[in-house]
Amino acid sequence: MALLEVQDVGKTFGALRALEKVNLSVQAASFHGLIGPNGSGKSTLLKAIAGAHFASSGKIAFAGRDITTAPPYERARAGLSLKFQITAVLPELSVYDNVLLALQAGQKLWSLARSATRRALDAEVMRALERFRLAGRADDLAGQLSHGQQQWLEIAMALARKPKLLLLDEPTAGMSPQERRATGELLAPIRQACSLLIVEHDLDFIKDICDTLTVLDSGQVIASGPTRQVQDDTRVREAYLN
């Protein structure tokens, strides 16, 4: 059974049909890429999966559970985590405290009231920062990081709750080529514990890290399957690659 199953999902905004009968399957321990031209519905689909808005039709199942109408907090508790394209770090807090707050979101209120979690979570915070090459910036304000480092920090925050599936919306947008390469290297180790569904425009980046690709065009899936097979599909080249 797939970790995530999207079945015949549609989404309308008034007269605009953003998604139409979209089918997508993400397996456990896999990296799945979602590509397509601007306006093809990629971000809309991610938001429907995460619960940022609800699908107008169809079904979304996660870890064997129907989450089509579940609120976002229930999806998060089930193991879904979403990082939007625009970074949402807290720039006036330290890099350390950004990750700490993400971890504290899963703590009991009595622990937070006793201020007992900072010391207890210190090792976990530092492991997260080391994983994303930010340990040396732990005491710096998050707003002082480069754009690429802020993206890494937010990914570290999204992974703090140990999700089963991480949804990433164009994480390398605005990065330098060196930062994009580093991002691929930093994401690779999470495969053992967390699947990934990633929207990207950098095809070289997504081809290097994803096992499977799904291509959207005008809100519909035009191809889905192993990365090499999909990138050679004539319909994909006509819609996107050329």
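All of these numbers come straight from a predicted model, not from anything done at the bench.
Counting only residues at least two apart or on different chains, the side chain to side chain donor-acceptor pair (under 3.5 Å) pairs with a member in residues 189-198 are R191-D211. Screening residues 8-53 for ring pair (Phe, Tyr, Trp, His ring centres under 6.0 Å), with sequence neighbours left out, gives F13-H53. Listed by first and then second residue, the ring pair (Phe, Tyr, Trp, His ring centres under 6.0 Å) pairs that reach into residues 202-234 come to none, sequence neighbours excluded.
Remark: L93 engages L90, D97, N98, L101 in a side-chain contact (heavy atoms from CB on, under 4.5 Å) (not counting sequence neighbours). A63 is linked by a side-chain contact (heavy atoms from CB on, under 4.5 Å) to L3, K164, counting only residues two or more places apart in sequence or in another chain. Take R180 and apply the salt bridge (Lys or Arg N to Asp or Glu O under 4.0 Å) test, not counting sequence neighbours, and it matches D202. For D8, there are no salt bridge (Lys or Arg N to Asp or Glu O under 4.0 Å) partners, not counting sequence neighbours. Residues meeting the salt bridge (Lys or Arg N to Asp or Glu O under 4.0 Å) test with E74, sequence neighbours left out: R65. Evaluation of the side-chain contact (heavy atoms from CB on, under 4.5 Å) rule for S218 yields no partner, not counting sequence neighbours. Applying the side-chain contact (heavy atoms from CB on, under 4.5 Å) rule to Q27 yields the partners A2, S25, S30; only residues at least two apart in sequence or on another chain are considered. Partners of T172 according to the side-chain hydrogen bond (donor to acceptor under 3.5 Å, both in side chains) rule, which considers only residues two or more places apart in sequence or in another chain, are E200. Judged as a salt bridge (Lys or Arg N to Asp or Glu O under 4.0 Å), and not counting sequence neighbours, R17 has no contacts.
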Quick one, Q151 with K83, criterion side-chain hydrogen bond (donor to acceptor under 3.5 Å, both in side chains). Give me CA distance, side-chain angles, the key distance, then yes/no. CA-CA 9 Å; Q151 295 280 11; K83 182 207 169 306; 2.5 Å; yes
